[in-house]
There are 4 protein chains.
Amino acid sequence: MTVRFALLGAGRIGKVHAKAVSGNASAKLIAVADAFPAAAEAIASAYGCEVRTIEAIEAAKDIDAVVICTPTDTHADLIERFARAGKAIFCEKPIDLDVARVKACIKVVADTKGKLMVGFNRRFDPHFMAVRQAIDDGKIGAVEMVTITSRDPGAPPVDYIKRSGGIFRDMTIHDFDMARFLLGEEPVTVSATAAVLVDKAIGDAGDYDSVSVLLQTASGKQAMISNSRRATYGYDQRIEIHGSKGMVAAENQRPFSIEVANGDGYTRPPLHDFFMTRYTEAYANEIAAFITAIEQGTAITPSGADGLAALRLADAAMQSVKEGKQIKVG
Amino acid sequence: MTVRFALLGAGRIGKVHAKAVSGNASAKLIAVADAFPAAAEAIASAYGCEVRTIEAIEAAKDIDAVVICTPTDTHADLIERFARAGKAIFCEKPIDLDVARVKACIKVVADTKGKLMVGFNRRFDPHFMAVRQAIDDGKIGAVEMVTITSRDPGAPPVDYIKRSGGIFRDMTIHDFDMARFLLGEEPVTVSATAAVLVDKAIGDAGDYDSVSVLLQTASGKQAMISNSRRATYGYDQRIEIHGSKGMVAAENQRPFSIEVANGDGYTRPPLHDFFMTRYTEAYANEIAAFITAIEQGTAITPSGADGLAALRLADAAMQSVKEGKQIKVG
Amino acid sequence: MTVRFALLGAGRIGKVHAKAVSGNASAKLIAVADAFPAAAEAIASAYGCEVRTIEAIEAAKDIDAVVICTPTDTHADLIERFARAGKAIFCEKPIDLDVARVKACIKVVADTKGKLMVGFNRRFDPHFMAVRQAIDDGKIGAVEMVTITSRDPGAPPVDYIKRSGGIFRDMTIHDFDMARFLLGEEPVTVSATAAVLVDKAIGDAGDYDSVSVLLQTASGKQAMISNSRRATYGYDQRIEIHGSKGMVAAENQRPFSIEVANGDGYTRPPLHDFFMTRYTEAYANEIAAFITAIEQGTAITPSGADGLAALRLADAAMQSVKEGKQIKVG
Amino acid sequence: MTVRFALLGAGRIGKVHAKAVSGNASAKLIAVADAFPAAAEAIASAYGCEVRTIEAIEAAKDIDAVVICTPTDTHADLIERFARAGKAIFCEKPIDLDVARVKACIKVVADTKGKLMVGFNRRFDPHFMAVRQAIDDGKIGAVEMVTITSRDPGAPPVDYIKRSGGIFRDMTIHDFDMARFLLGEEPVTVSATAAVLVDKAIGDAGDYDSVSVLLQTASGKQAMISNSRRATYGYDQRIEIHGSKGMVAAENQRPFSIEVANGDGYTRPPLHDFFMTRYTEAYANEIAAFITAIEQGTAITPSGADGLAALRLADAAMQSVKEGKQIKVG
């Protein structure tokens, strides 16, 4: 079976998914749509697919699945439209920045028996998958404490920050998803601190650039998250899980594994400097998982419910900062 | 100049300090006192010093300094007595488990112009000192976020836990001191979560065995602390400081730096399994720093005020757990 | 410009190159030939190209370049035929196992002004390229001593070993090429030791499975090579270069960069277990370099002369073992 | 039992041994002798022992053992004198630079049933001991290939080199001993290359500063040694043993285990810059092993025969360089 795809949105992340779909032997990229014709044409030319309108894709008989990479504020509407059109849906996170809107959207998917996968790509990073596998294999016993370090090489433009929903809903949301994925139990309390240490303009836009979060589950498992919009040494992405029988950790990744030694010491190169090179395999793996779930009719993970749960943790973290107290969730 | 010492308390940690004093070319161990004559005799025999009563040491002309390693509930009284007796005082942490008592004790030291050093030995670990030096040398710019991981190979006896003041005042207190030492600015808020994941008996005794803490300073610098009374892989003691220009971290220590590779992978041995072997050099270095401060008449660090500040953070963390909210301190 | 390729030989390594050619935006795979029709059909079907005879490819107007992946004893003849046919040639190592035959073949390439690249893929591994770059950037000063460790997870079938020319011409030849690439000066002496430690059947076939080689250049630079047909921990591929100002080394590669810690210690997974997964990027990079050289009309490296030089070192190593003495070369 | 020591030679290495003896609870340093009275007085004053003549020590009833740290050309004579005087003898390597003289000396020790330990301190380094232990524990199966890297931060004065017997007998001799210790079987062939790459003055003095050596045993086990008198990054001391079931390696040691990350990459500090700080524990352990052997009347290792065997390998390496061929030994 070959799953026939359309791509909605031909921007930066759209190109990543176009490549992932085209490189997958079980998939075929049939069509692309974008508000900017030139962007759509570029993808069509590179991957040998057609440019179509969203309406045409909605009505098409030769499309089984869509990948939604359009601006965030269109996600929920498009999910609902394509769920009703009977297409399997892969949507970049977030579904929406508003919890009520997300819930309504998930309800439409459920009512139409739709298939929806949310793009929490980190679950599909081979190193993080190996961590999850080590836990599943019993290598560390029962999970007790999770530590997630996630720092970006640099802050996005302030304009982006203004519409991103803020650091917790834009950046930490990946870590909330990973914490849930690794804890194996829902957090019930959230405590957070936040500050502007990197760029005053981020503070002027009403957001933070340096945040720390504590999560705890009902049984007492704990997760700590450290985020910064600054990391001079590259894209710092580490996870560590401490369990009753041991610990497992995923190391950072760099493009070149060499070491130079001289009078200044032993130096390895900086890390990847961009999420796309850091997570190249993760993007291919998540599309492959989406295709497999469609082919085999199995449950899709991460689902809309996962998207909602992460968003709720993000909102709770923001509330914790605003009110200076621990927030109960769930 | 040779600083002449008496040792008060000949137990486990007393032996560590007896060795540190005896091995220091600028010091001489003159006397030892202990409620158990056999313990005192053992030290006296091993290091060639006399057994004396505390009273005799208090009155002695041939003693310049004392090292207090007696049970915690005697610390404050002994500090006050020896401050009045004009001896320089090195006291194992904590001064007392009660903030008011600590304050009163510190006042006596101040009123008598006494010299008091509190035994936060980790500041003197060569690796942590190198981290502090890297910060002072401007290697990472302004400190922004501190992460401290501190896990013990196993829990102490529940009897000990009952009188220790609880995990925050017994174990995390070292991390509170390190956080202050590394942040370079006082924390103003404390949020903590705590659970019993290791041993139900610890919970029955009213304490926790797995805790996470978030500290934030007035300018927004943040510190995260992760503590567990369990670590199957040894004595896990890491610090990492993220700054505006870079990051510096101290690695864990193991007795043997080898690696065995086979079909199961590449394996390095577990870490040190005991704080005394992990911090051997730190204990020698802190006594050396105490001696240097006495010889040169310079300020003593960490001081009574440092002991008090760490205790306040411990109390605030406990309050945060009890009340489920962020606690303001200072 | 698009370089149009034909693939000669559709076996294991042929597939690797078919994928590399097809994945390169500046190339197009037009045809494939193989003595086994099914093998050729499989490639043709997977990559959308035609099955043709070698003769047809030789005469084709729509083919600019060939990739030779046929059995070793056909390499020299095919190089000569396609050089005369005016096609650019990428040939898997070795050109031939006989130095005189290699020389004759290279002469034909020169006489026809042909373009020939020999498949020493390791030069194109990103980590080894970064090592070479560090040297070129002056990071370690003048190269003094090179150490190459190259161990295979397991021995090939004895049948293969019998026709491979022996360990020095089959396996060490890659290390001879890397030594030349990194020393930047031709070795003038070769000393080698060899033994059968892994599999007696290899010895019965007249070959060795564990060898060590010392090379020295006229100016005294030295290279050491350690080879084994056995490595329980995976495909062990390390290089280290010591220079007047420092050292640079490339680390081993593993599919998953995680670490599990428990009472047995800290364990990272085994290395890649197969040269194709270890050198995936190297194979793509070498084809890309071949294409770039064709497009830009620049010199091709590694050339036939490089293939010859490595073969001479292999023969000298074998002679050193047989005669128990240092062999002069060049 | 307390072993009563005299120290012969109060120079740099004499001080190291004085400290090791004094710090050992089963030993007591009774006397010191040195041609320079001031040097002897300094040791006597620091460790509370007497200054005596060599003759007085020879005749003394209160001396059980001597540590010989005098100039190399006096070693053999002193060993013979003190063997005849019935003292246990620890002698710094080498016994002598001449094989015949060493043999004669060992014969005297045997004839007098003397106890002689030769100071190959590296066998007692905790990390190298752990490597040896891993082999003994069967962790890597049968030893097949040993790689020893040994590079000094800088060359000694040319005056020292002139009387040291050359790099093979002065520096590589430690590696020859380690190779024998780790191979568990005597080398039967030696091939070496040597060059002057670091300092022309060393070449003018008739020596080399950069050498590589290949050893092979009768059963085919191989060892490679890489030596340089230059290492900008510190005292580089690594060993790696490859066996039938796996590999074990000892890592380099540095005084501070920290890492700084910034835009230039991740940098750990240089290694120890001096053999005395690198091998502090090894020196204490070897004296402890000597004392234990005396107390328990067990065989002493490394013995005079070990000293002789390493010297023969050094001489063979030199001969290999001079004659350009493999040398048979044993």
- Do other residues, nucleotides or ligands put more than 12 heavy atoms under 6.0 Å from Lys15(D) NZ? no

- Item | Neighbour count above 12 (heavy atom, 6.0 Å) for Lys139(D) NZ | no

- Message: What residues of residues 250-272 of chain A make heavy-atom contacts with chain D at a cutoff under 4.5 angstrom?
- Response: Asn252(A), Arg254(A), Glu259(A), Ala261(A), Asn262(A), Gly263(A), Asp264(A), Gly265(A), Tyr266(A), Thr267(A), Arg268(A), Pro269(A), Pro270(A), Leu271(A)

